[in-house]
Amino acid sequence: MYPAPDKVYRSFYVFSDDINLANTRRCYWLHLALQRLKMRSFWRDTTDARDSLKVLNTNELSKHRGVEGFVIGTKLTEMAMFGWIDAVLSPDCDWFFPHTCLSTYQGTKTLISWWNSDILSNLRRATYEFSSIPEELTLPKNYHFFPSPARLKEGDILSLPNTHLLRHGAPLEYLEIEIDPQIKDRIAYIGNPHFNISSDSKAIPLLKNGSLEDVRAIALEEIFQAEIISVWEKNFANIRQLIESATREKLASPYKPTLEIIAEQSTKHSVTLDFRSKLSLELCELVSSVLKYDQPFIISQLQQKNLITVYGDRLMWNACGIHSEPNTRWNELPKITARHTAHLHLPNFRNETELEEQLFISGALGRTSFGLNTPDSPFLEGQCHLSEDTSSLANSIQEQLKAPEKLLQDGVHAKEWIRNGHTLDHRVHLLLEVLTT
Amino acid sequence: MSTPTGVLIFSHDISYAFTKTTEALANACTQLGIPAIVRDSCDTRLTEMVIHEVTDPNISLKIENNIGKHWDKIINDFNINCVLSLDCGWFVLPDHLQDHPSIKKIYSIWFDDFWSWTKAPTNAIFPYRKRTFQQNISDPKITHCFYGTGIANEAALMGFHNQTASKLAAPKEFLSYNYPCEITNKIAFIGNPGYRGEPLDMTIKMMDRGADLIELREHSREHILVSLGDSSWKWKDLHPDIKTMVAYATEVRVQYPYESALHILQLCGQKYPEALHALNKSGYILDVAWLIKLVTRYDRPALVRRLYKAGLVDVISNPLEWKPYGIEASNSVFADEMPKYYMKYLAHINAANATRDATANEKLFEISACARTSINLDSPDVRACYGENEIFLVNTLDEAEAVAKKLIENPDLALTMGKRARRRTALEHTWEHRLKNLFSLFPS
C-alpha cells in the first residue's frame, strides 16, 4: 500500500528503560547522533509498559494479558505504516519488554542491542519469569553490539547472532563545552557502588583498614555462603568445585570473561551447563562477585588519602563508609565532570567491560582519567594514566595532582582523541556500516 | 524572561499526525538549546482503558503510582521544569504534573478540537482524585494554546481562560529541502476529505452541476435540519426552541463560516436563552456545536473535487475516503517524504477540516516552508499568516479553478510566490518561533 523506502535504514526507534538513568541519557545522545546522520529517530521509553504489564499479569488481571499485544501492537502498526521503524535500537535489551511484539513485527528489519549492563540484570526487568535467554534475543534479525572484547567473547559463547564489537563513546555535543576546573587537589569519581552492600558485611571495616586481598577473601567467603549453591548441587554434584576453581581463576585473571572461565571449568569438572540458561547467568554473576569489593575498596583508600571526591548515590556510598556528594543530574554532568582536573575510572565487576562510558565522557569534556592497566588498555593509545595495582594507582594520583596544568593538558589531548574517533556519532556510523554491509 | 531547564513532551503514538508534530516540537526545543524528552502516553492510556472496569481500585492505584514514580524520576534526573504536549497529551494522571513542585509551566498546544479530544476512546485518563476535569484544566500552571480565533473563542466559552493564541507552524528543516518541481501541469492536494461521513448522492450531483460553496453550505444545513427529525439526537427535545435555535445558528454559519460554532450558539442564546440553557446544563452543547460546524463539511471536498474534475489536481492520500467523491486518489505517502511530495508539485490546495474552528492548519505552513504556494479559502486566520503575494485566497470554487489554471499556465509565478512563502515561514512560522514565544511566558 505504501511506497518502499528508498534507503535500507532510514528510521530508528530508540528505546530506553527509564529506570536506568545512564541508559536514558545514552538514548538521548544516540537519538541526537542518529538525527545528525539524517536518520529519522524516535526515542521512547519502555518503563510504563513494563510496569503496567507486570500489574496486568497478576491476579485478577491475568485474563487481560493479551492487552500487551493490543497496546503495543496498535501503536507500532500505526507508526510502522508510515515507515518509521526500520530498526529498533537500545542500550542492553531495553527494547525487549513486550516479549514478542517487536520480534515478530515484520516491518522491523533489525533489533539492535548495544550492551552495557550484564544480560542477567536486564532479564530481571522482563515482564515475565524466564529460564534462559529468550529466543527473541537470538533471532537472525537480532544484532548484538558489545563494548569490549571480553563481552564479545561472552556473546559468542552464548551463541548470540550477529555479534560485533562497538565500544562506548562520548556525546558529540560535549566536545563544545569548555568549563574551567575548580578543584585541582582531588580527582573525581562519578558513579554508584556496583552493588548494594549488606550492612552486616564483614568487608565494610576492611574497605578502610584492610587490603585488596582481605576484601576479596570476604567476597569469596560470601560466595560460598550463598544458599543457591545447595539448590544447584541437587542437579550438579560438582558445582561447588566448579565455583571454587572458577573464582580462583577469576582472581588470577580478573579481566578474563567469567563465562569463558566457567565454560573451561565446567569441562574440567564434568558439569554440563546450558550457557544460555538462567542458572549459568546466575553462576557467572556469583563468580564475578569475587571482585565486587574492588571498586569500593579502591575508592575508600583514595578518599582516606583525600585524593578523591565521589559523586553518586549517597545512601549506597555511605553504606560502604564512603562520603559522597549528591547524585549528578544529567544536565549537571558536564559541570561536575569538568569541576575536577582528572577522574578515576574503574570497571564494573558485572560488565566485563574495562573501558566504561564515563571514561569517554570525561575525555570529551577535556579531562583525563586514572585507572588500572587492563588487556584492553592499548585501545586508549596512551590517553589515560594507568597503574598496575591499587597502591601504585594512589601514588600516581598523588604525584600527578601536584602538576594540575599537566593534567589539564592531558585532558586537551583526550578531547582531541575523542573528537577524532570516539564520539557516539562515530559509533553510530560504525553501527550503520555493519548493518548495511 | 527565563527558559525551561528541560522539557518533558508527551506524545500519543496511536496517532501518526500527533507523533509527527510532537517530534517537530522536540526538535525545535533542541534547536533552542533546551533538552527535551518525548514520552508516549499511549501505553498507559490504553492500559487504563483495560483496567477501567476492574473491581479492585488498588490495581488502578498501583499502576498510577508506578507511572507517577517514573515521571518523578525523569523530572528529577533530567531537571525538567516544563511540560508540553499537543492537546492534553500530558493529561493522563490527574493532578500529578500540576502539583509537582518542579514543574513551573504546562503548555497544551491544541491541535484537535476539544469535543473530538474528549470523545476519543484512546484518550483515557486515570480517575480524578482531588479535582474535577474542569478544575484540572483551569489550573493557572497550564497555558492552553489555540491556533485560531474560532477555536480560542470556543475554548474561552468552555472555561479555558488560561489561554494564549499560538499558530501552528512548520519544522525548520523543511526550509532547507530543495527537491525538484517535477510536475508543472497539475497542482496537488495531499490529505483526506476532512469530515469522514459519506456524501449524499444529491450532494455529488450538485457538485457536478457546478454548485459553489454557499450553495453547498445551504445544502449541508438543510440536511442537518432534516436529520433533527430523526430520533438519534437525544438533546433535540430538551426544549421546544432547540430546533429553531439550531436552524438559526446554521443559517448564521452559512453566512459566517469562520465564526466559531459555540460563539454562534452563544449569540443565538440571546434570542433563545432557555434552549441554550437546556443544552448547556445537559452537557450536549458541544454536540450541537459540532453539528453546526458541519455546515462547512463540503468546503474541502468540493474544492478538491472541482479542480480534480477539471484535470487540474492530483489527489494524494486516503484513496478509500475519496472514492465516494468520485476521486481516484493515489496512496498515502510516508510522513518523512511529505517535503518531497510538496516540492514535486508547482502548488497545492489547502483547506481546513470542517470539524475544527480553525483554518490555519499545519499544512499551510509546511507547504510554504517547502517553497510552494497554496490556494486557500479566504479566512481571517489564514490571511493573518501570509500575504497575497505569497499564497492565494479564494472565496468560491470558480475563483479556485481560475487560480489553478493561472498557476499552471505560469509556473514561474507559482514558484516565485512559493519562494516568498518560504521566506515568510523562515521569518515567522517555524516551531522555533512558536516555542520562543510560548517560553516568553515561562515564569522566572
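Nothing here was measured: the structure is a model prediction, and the numbers come from that model. In what follows, chains are A, B, ... by sequence order, proteins preceding strands, each numbered from 1.
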Quiz item: Roughly how far apart are D40(B) CG and F42(A) CZ, rounded to 0.5 Å?
Solution: 11.5 Å

Quiz item: Is the shortest heavy-atom distance from the side chain of R39(B) to the side chain of D48(A) under 4.5 Å?
Solution: no

Quiz item: Are the side chains of Q35(A) and N27(B) in touch, meaning some heavy atoms are under 4.5 Å apart?
Solution: yes

Self-check item: Structural part of S11(B) lying under 4.5 Å from a heavy atom of chain A
Solution: side chain

Practice problem: Examine whether an atom of T328(A) lies under 4.5 Å from a heavy atom of chain B, and if so say whether it belongs to the side chain, the backbone or both; otherwise answer neither. | Solution: neither

Exercise. Over all heavy atoms of both residues, which pair between A36(B) and W43(A) is shortest? Give the atoms and the distance, please.
Key: O-CZ3, 4.2 Å

Quiz item: Does atom CD of E332(A) have more than 12 heavy-atom neighbours, drawn from other residues, nucleotides or ligands, at distances under 6.0 Å?
Solution: yes

Quiz item: What distance do N327(A) atom CG and D77(B) atom CG have between them, rounded to the nearest 0.5 Å?
Solution: 7.5 Å

Quiz item: If you take all heavy atoms of N20(A) and K73(B), which pair is closest and at what distance?
Solution: N-CE, 4.5 Å

Exercise. Look up atom CD1 in I80(B) and atom CH2 in W330(A), then write down how far apart they are to the nearest 0.5 Å.
Key: 7.0 Å

Practice problem: State, with a plain yes or no, whether a side-chain heavy atom of L32(A) is found less than 4.5 Å away from one of T30(B). | Solution: yes

Quiz item: CH2/W71(B) to OG1/T47(A) distance, rounded to the nearest 0.5 angstrom?
Solution: 12.5 Å

Quiz prompt | Straight-line distance of C27(A) SG to I37(B) CD1, nearest 0.5 Å | solution = 10.5 Å

Quiz item: Looking only at heavy atoms, what is the nearest atom pair of E23(B) and H31(A), with distance?
Solution: OE1-CE1, 4.1 Å

Quiz item: With F78(B), which of L21(A), D18(A), N331(A) fulfils side-chain contact (heavy atoms from CB on, under 4.5 Å)?
Solution: L21(A)

Quiz prompt | I67(B) versus chain A, the contacting section by heavy-atom distance below 4.5 Å | solution = both

